[in-house]
Amino acid sequence: MVPELGKRYDPKKVEEWVLSFWKEYEIPRKVREQSLSREDAPLFRFLEGPPTANGYMHVGHARGRTFKDIVLRYYRMKGFRVWDQAGWDTQGLPVELEVEKKLGFRSKKDILEYGVEKFIDECQKLVDYYISEWRSASERLGLWLDYDHAYQTRHPRYIEIAWRFLKEMWERGWLYEDLRVVPVCPRCETALSSHEVALGYKVVKDPSLYFKIKLLDEPNTFLVAWTTTPWTIIANEAVAVHPTETYVKIRVGNEFWILAKKRLEAFAKEVGLQSYEIVEEFPGKALEGKVYEHPLLEEVPKHREHRPPHHTVLTAEWVSMEEGTGVVHCAPAHGPEDFELCKSVGIEVFRPIAKNGVFTEDAGKYAGLWFRDASEKVVEDLRRKGLLVYLGWIEHEYPHCWRCDTPLMYYADRQWFIRIEPIKKTMLEENEKIRWRPDWAGKRFEDWLANARDWCVSRERFWGTPLPVWTCRSCGYRLAVGSFEELRKLAKNPQDFVDPHRPWIDRIVLRCPKCGGDMVREPYVVDVWLDSGIAHTAALHQYGWDHLFDELFPYDWITEAVDQTRGWFYTLLVTSVAMYGKTPFRAVLCQGHVLDKYGKKMSKHLGNVIWAKDFMEKFGADLLRLYVTTKAAPWDSINFDPDEVSEIRRQLDILWNCVLFAHTYASMDRWSAENLEKDLGNALPVDRWILYELKRLVEEVEARILNNDLHLAARTVLNFIVEKLSHRYITLIRPRVWLEEDRVEKRSAYATLFYVIKNVLKVLAPFAPFIAEYLYQAFVKRYDPKALESVHMESWPSIPKELLDESCWRGVEKMFVVAEAVLAARTRVGIKRRWPIKRVVVVAREGLEDIAKGVDVVKIYANVKEIELVSDVGKVEGLEKIYEDKDLVVYADLKLDEETLMEGLAKDVVRRVQVLRKEMDLPIDAWIDRLLIYAVGDLRKAVERFRDYIARETRCREIVLLDAPPEGGRKSVVEGMELVIKLEISR
RNA sequence: GGGCCCGUAGCUCAGCCUGGUUAGAGCGCCCGGCUGAUAACCGGGAGGUCGGGGGUUCAAAUCCCCCCGGGCCCA
């Protein structure tokens with residue numbers, strides 16, 4: 001199955017062929033087995049960050065997946081046993097929301113009405129669909145993972161590991177239930193963890209409200225408080241001031257206002273307070289215990305029932321002097337600090353609002369309002385009652401639900417938490433051992449770890465890993481279940497255990513070990529980030545591969561985008577340190593994001609998302625891979641502009657042309673790689689030069705990959721193809737391959753070219769696996785019967801010493817400098833390249849021996865007849881100095897004589913004939929029987945003098961000079977002289 | 001409020017860690033050349049306040065400080 005080497009690189013055709021070749025011959029499976037069967041070979045353990053199966057792959061995902069593939073392919077070629085299990089994140093809010101959208105749901109109530117069982121079924125189906133989409137897009141991209149053994153977080157055995165983890169936490173007392181103020185998404189009606197909150201900060205415009213709070217025992221005296229969330233005043237229960245900061249009482253009209261002295265000036269300025277008078281100063285402590293009248297007492301009658309310490313002034317160190325008035329209104333139901341402070345003095349939480357963000361009857365006149373809408377009413381009421389000081393607006397960041405974009409609500413609620421404090425120190429120590437790329441990402445992670453709070457793991461949702469905690473209805477005893485076996489043992493109805501998911505799991509009733517009563521499950525599922533966070537263990541357990549754990553853990557390398565610092569990187573570390581006291585990964589590559597061409601985030605709302613499949617359909621996977629890899633460092637974000645891929649396309653065109661060139665001549669001469677070593681043994685200095693460049697290429701690419709500088713690695717490969725192989729090497733060997741007869745120097749040129757192409761394809765394979773495979777099949781395999789079944793079965797190249805000659809490399813490099821100087825001089829004085837330059841003298845004090853090896857470069861590249869190498873400036877008179885650096889001085893004879901002019905004209909004639917041959921589609925090796933030429937003057941003389949040369953170059957048996965233009969001849973003008981030519985061919 | 005990344009030619013990016021010729025490359029543009037792998041290539045040219053300001057230094061794109069713009073993270 002040898003594919004055609006077409007005239008032009010057509011990515012679509014190439015990749016279609018390669019995909020079917022891989023499929024038919026099961027290349028990915030064979031390559032994986034080849035890798036894993038290497039006994040005693042070192043392991044490379046990769047842990048896949050599971051994509052969430054709730055949408056399609058876009059080009060940003062594709063970039064990260066390309067990085068994974070490059071590194072995995074490299075390690076396979078280096079002879080490692082590469083662990084490459086795929087994985088899918090299949091549960092949690094992201095999936096539920098996608099299903100809700102599909103079914104047109106607006107709230108949790110809709111799900112209950114629809115039926116949880118049916119809803120879960122929809123979730124399963126949705127996940128099935130997107131997994132197959134992701135798998136096919138990944139395979140289309142060329143990402144080779146073990147998809148047949150992909151871990152799935154929804155798999156019962158996977159869930160079992162989450163249970164094992166949670167039970168361990170429970171038994172250590174690290175899993176606990178508590179009333180806390182947590183961020184809640186009112187749309188999803190569930191609490192979120194702090195790392196989820198961190199994913200959703202957005203800038204919003206909120207009220208900046210200054211309002212008065214009337215003190216009960218001091219006439220006409222008010223505290224002035226500030227808030228950006230007026231709706232929380234409804235649940236206000238206290239006011240906090242700083243104990244030691246100075247507060248002032250000012251007279252404004254006939255009222256007295258109290259606020260912090262440090263804030264007075266800024267406050268007066270912002271609210272436009274012109275005249276006031278400071279009547280008293282005192283520390284905040286002096287206000288402690290003062291009782292006030294709730295500003296919305298009439299509106300919220302419930303507050304009439306609240307007695308001190310409710311509605312009193314408290315003191316707290318955290319009261320800020322940076323913003324507001326130094327008087328902070330406290331709603332224990334809606335602020336974490338407020339909650340703690342109120343709890344410490346025995347204030348009860350008043351929470352007149354439901355989890356869906358709607359005020360309840362307890363909220364009096366605000367009942368039924370959406371929490372953020374209530375702000376407006378509150379402000380109105382304060383104004384009416386004369387308690388409004390000033391209403392401004394402020395732009396600040398406010399957390400939103402990372403999935404559905406709803407503004408979050410801080411809300412006191414009973415939730416389940418995992419203690420972070422006991423493992424924090426170990427996490428920080430373990431982080432020191434992780435190799436972060438770039439290293440600042442590790443510092444960022446360290447900051448995050450140092451500030452980590454307890455992890456809220458409970459979610460009041462449906463599609464997720466169920467929280468394995470059961471509570472006894474009779475005696476209140478609680479326990480956590482760590483495996484299915486344990487569940488069956490404890491269950492009163494083990495026969496009902498069919499699926500660990502809700503709603504089925506909720507029907508399992510346990511027998512209370514204390515009182516024999518019925519135990520029911522706490523109705524929560526756990527944070528989806530816990531699912532992926534235990535992949536280090538659960539991915540193996542799902543397939544019963546627990547015995548591999550010791551060999552695979554900790555994993556060598558993971559890579560995901562920067563946002564995972566708070567997501568997967570974090571939860572992996574938490575669960576692993578909690579379970580094993582160790583980091584589960586040794587190295588991380590932290591990727592930057594892919595933005596649209598204007599630098600905007602790609603999002604469905606903006607409609608600027610580029611789906612990976614669409615893009616590959618149009619341009620192919622190789623172009624996508626190379627574009628996203630070469631554009632910037634992996635950790636930098638890139639602006640994705642489809643127009644820019646033409647640059648990559650151009651470079652692959654050149655590779656294609658190089659191979660086509662080699663194939664064109666090698667096939668004509670029936671060359672084969674049978675005697676490759678012998679032919680390489682006859683390599684000329686320019687061949688030695690490219691072989692040495694090849695060695696440098698291999699080493700540099702390898703070093704770049706190991707350092708995760710994938711952008712530099714890929715650029716190096718492309719640069720070699722364009723600059724070294726195409727521009728230089730092929731130019732230099734052209735005269736050698738045009739030789740008619742079979743000569744040693746022709747065979748060594750073919751051998752070198754073949755060898756270099758073969759190895760470049762190997763080095764290119766991790767980056768552009770399709771074109772590398774295609775050209776390997778179409779070219780390498782055609783000439784080398786010993787070639788392997790696939791380029792991806794090849795080892796990473798290592799160029800044998802006997803092919804390397806550094807002095808040839810040095811000499812050729814030097815002579816390129818000379819050749820370029822000659823070309824520049826030609827342009828300067830107007831000597832065309834086809835007019836040969838008679839003589840060039842190169843003066844070098846040192847290294848003449850090396851330089852001598854590169855004379856062909858100057859002869860061929862710059863069309864110079866004669867090169868002289870000297871060590872001093874003795875005999876250069878009559879020549880012009882055209883170049884000088886610290887090693888070299890170059891002189892050239894830039895005068896044109898008649899002979900040279902004639903030769904140039906003859907070359908011109910040759911070129912016109914060649915153009916005609918091409919237009920007539922003559923095979924390269926076809927003969928012309930008679931070449932009829934009409935020319936006058938110098939042009940005629942040139943044809944006469946170079947008759948043999950012209951005949952040879954154009955493969956023509958006879959040249960006939962005519963005195964009149966031939967019938968139907970091709971007319972043209974050479975240096976102002978008329979030329980008419982006609983080709984005669986018999987069939 | 002704190003932290004991180006980015007800012008260099010019309011566009012996309014090197015160079016900065018470790019200060020030192022005239023700040024580079026590719027694309028695009030202009031002029032010329034070459035051409036049997038040629039939708040390729042070669043030579044030359046135009047094009048730069050290296051985001052701005054200050055400092056250190058004999059010398060700053062590079063090191064330090066402040067500011068501006070774009071992005072990200074935390075509070």
Side-chain angles (χ1 to χ4, degrees), chain A residues 5 7-9 194-195 197-199 201 318 320 322-323 396-397 399 438-448 450-452 561-563 565-566 590 592-593 595 597-601 627 630-633 635-639 641 643-651 653-665 668 711-712 715 718-719 722-723 725-728 730-731 733-734 737-738 753 819-835 861-863 885-886 907-908 910-919 921-926 953-955:
Chain A
L5 200 54
K7 279 272 171 226
R8 231 173 108 63
Y9 169 45
S194 53
H195 46 269
V197 174
L199 296 171
Y201 276 88
W318 47 256
S320 165
E322 305 291 321
E323 57 179 14
H396 64 157
E397 291 194 317
D439 53 5
W440 51 259
K443 299 229 174 58
R444 215 186 235 201
F445 195 57
E446 186 183 312
D447 287 348
W448 170 257
N451 295 316
V562 276
D563 48 313
T565 310
R566 274 77 195 171
C590 207
H593 285 119
L595 311 170
K597 66 187 216 183
Y598 304 107
K600 288 260 183 305
K601 198 171 175 152
Y627 175 60
T630 52
K631 170 118 179 165
W635 46 88
D636 287 335
S637 61
I638 59 168
N639 296 357
D641 183 352
D643 293 339
E644 288 171 4
V645 296
S646 59
E647 172 66 9
I648 303 290
R649 172 61 199 265
R650 204 191 105 248
Q651 298 179 73
D653 278 341
I654 291 173
L655 170 66
W656 191 272
N657 280 337
C658 289
V659 175
L660 193 60
F661 172 85
H663 174 56
T664 304
Y665 290 97
M668 219 155 50
H711 60 312
L712 301 179
R715 286 174 190 168
L718 294 178
N719 187 58
V722 175
E723 301 286 334
L725 181 57
S726 173
H727 293 185
R728 297 193 157 181
I730 289 190
T731 308
I733 60 169
R734 277 162 114 150
V737 305
W738 286 342
L753 188 56
E820 271 155 26
V822 173
L823 287 172
R826 279 179 172 282
T827 303
R828 184 159 34 84
V829 299
I831 302 179
K832 296 179 179 181
R833 204 155 159 186
R834 79 176 81 101
W835 294 334
Y861 211 67
N863 192 15
D885 68 19
K886 64 183 184 352
K907 281 193 175 178
D908 238 326
V910 168
R911 195 181 139 232
R912 310 286 152 141
V913 177
Q914 305 289 36
V915 169
L916 257 185
R917 284 185 67 121
K918 197 176 178 192
E919 280 176 17
D921 244 349
L922 274 189
I924 289 173
D925 54 352
E953 287 295 308
T954 58
R955 289 178 83 86

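Computed over heavy atoms, backbone and side chain alike; hydrogens, waters and symmetry mates excluded. In what follows, chains carry the letters A, B, and so on, assigned in the order in which the sequence lines appear, proteins first and then strands, with residues in each chain numbered from 1.
Between A:Leu595 atom CG and B:rU12 atom P there is a gap of 13 Å when expressed in whole angstrom units. In this structure, A:Ile654 places its CD1 atom 12 Å from P of B:rG26, rounding to the nearest Å. In this structure, CD1 of A:Ile730 is placed 13 Å from P of B:rC41, rounded to the nearest angstrom. Atom C1' of nucleotide B:rG1 and atom CG of A:Asn451 are separated by 14 Å, given to the nearest angstrom. In this structure, CG of A:Asn639 is placed 10 Å from C1' of B:rU12, rounded to the nearest angstrom. Look at CG on A:Asp908: it is 11 Å from C1' on B:rC34, rounded to the nearest Å. As rounded to whole Å, 18 Å separates atom P of B:rG26 from atom NZ of A:Lys631. At whole-Å resolution of the value, CG in A:Asp641 and P in B:rC11 are 13 Å apart.
Considering only side-chain N and O atoms, A:Arg650 lies nowhere under 4.0 angstrom from the phosphate OP1 or OP2 of B:rA39.
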Point to revise | Secondary structure string for RNA chain B (Watson-Crick or G-U under 3.5 angstrom, | for other-strand pairs) | key: (((((((..((((......[...)))).(((((.......))))).....(((((..]....)))))))))))).
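Spacing between B:rC4 and B:rC41 at atom P, rounded to whole Å, works out to 43 Å. As rounded to the nearest Å, B:rC16 and B:rC30 have C1' atoms that lie 33 Å from one another. Here, B:rC27 and B:rG47 have their C1' atoms 14 Å apart, quoted to the whole Å. Nucleotides B:rC11 and B:rC58 place their P atoms 38 Å apart, quoted to the nearest Å. For the P atom pair drawn from B:rG15 and B:rA39, the interatomic distance equals 34 Å after rounding to whole Å. Using atom P as the reference point in both B:rC6 and B:rG45, the two lie 33 Å apart (nearest Å). Nucleotides B:rU62 and B:rG51, compared at atom P, are 8 Å apart to the nearest Å. Rounded to whole Å, the separation between the C1' atoms of B:rG52 and B:rG7 comes to 11 Å.
The minimum heavy-atom distance between A:Thr630 and A:Leu718, with the atom names listed, is CG2-CD1, 4.1 Å. Nearest heavy-atom pair, A:Val562 versus A:His593, reported as atom, atom and distance to 0.1 Å: CG2-CE1, 3.7 Å. Pairing each heavy atom of A:Ala862 with each of A:Ala819, the nearest pair is CB-O, 3.9 Å. Looking at every heavy atom in both residues, A:Ala632 comes nearest to A:Asp636 through CB-CB, 4.0 Å.
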Nucleotides 42-46 of chain B: which of its N/O atoms have a protein N/O under 3.5 Å away?
{"residue": "B:rC42", "atom": "OP1", "partner": "A:His727", "partner atom": "ND1", "Å": "2.7"}
{"residue": "B:rG43", "atom": "O2'", "partner": "A:Thr827", "partner atom": "OG1", "Å": "2.7"}

Close N or O pairs between protein and nucleotides 3-6 of chain B (under 3.5 Å):
{"residue": "B:rG3", "atom": "N2", "partner": "A:Arg444", "partner atom": "NH2", "Å": "3.3"}
{"residue": "B:rC4", "atom": "O2", "partner": "A:Arg444", "partner atom": "NH2", "Å": "3.3"}

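Distances from the side chain of A:Glu647 to the nucleotides B:rU12, B:rC27, B:rA37 place B:rC27 closest. Closest to the side chain of A:Arg715, out of B:rA14, B:rA37, B:rU35, is B:rA14.
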Review point. Checking side chain to side chain contact (heavy atoms under 4.5 Å, CB included) for the pair A:Ile730/A:Cys658: CA distance, chi angles, key distance, verdict?
Key: CA-CA 8 Å; A:Ile730 289 190; A:Cys658 289; 3.7 Å; yes
Review point. Step by step, would you call A:Ile654 with A:Gln651 a side chain to side chain contact (heavy atoms under 4.5 Å, CB included)?
Key: CA-CA 5 Å; A:Ile654 291 173; A:Gln651 298 179 73; 5.5 Å; no
Exercise for review: Take A:Phe661 and A:Val737 through the test side chain to side chain contact (heavy atoms under 4.5 Å, CB included) and record every step on the way to the result.
Suggested key: CA-CA 10 Å; A:Phe661 172 85; A:Val737 305; 3.8 Å; yes
Practice item. Please assess A:Arg650 against A:Glu647 for the test salt bridge (charged side-chain N to carboxylate O under 4.0 Å, His left out), listing each intermediate value before the final yes or no. Key: CA-CA 5 Å; A:Arg650 204 191 105 248; A:Glu647 172 66 9; 3.2 Å; yes
Practice item. Take A:Tyr627 and A:Asp641 through the side chain to side chain contact (heavy atoms under 4.5 Å, CB included) test and state the conclusion after the steps. Key: CA-CA 10 Å; A:Tyr627 175 60; A:Asp641 183 352; 4.1 Å; yes
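At a threshold of 4.5 Å between non-hydrogen side-chain atoms, the residues A:Leu823 and A:Tyr861 count as touching. A:His711 is not listed as a side-chain neighbour of A:Ile638, based on a closest heavy-atom distance of 4.5 Å or more.
Using a 4.0 Å heavy-atom cutoff across all strands shown, A:Thr731 reaches no nucleic acid atom at all. Residue contacts for A:Gln914: at a heavy-atom cut-off of 4.0 Å it reaches a base atom on one of the strands shown.
In terms of position on RNA chain B, the residue among A:His593 and A:Val910 whose nearest nucleotide sits closer to the 5' end is A:Val910.
The NZ atom of A:Lys597 sits 9.0 Å away from the CD atom of A:Glu644 when rounded to the nearest 0.5 Å.
Salt bridge status for A:Arg649 with A:Asp653: present, with a side-chain N to carboxylate O gap under 4.0 Å.
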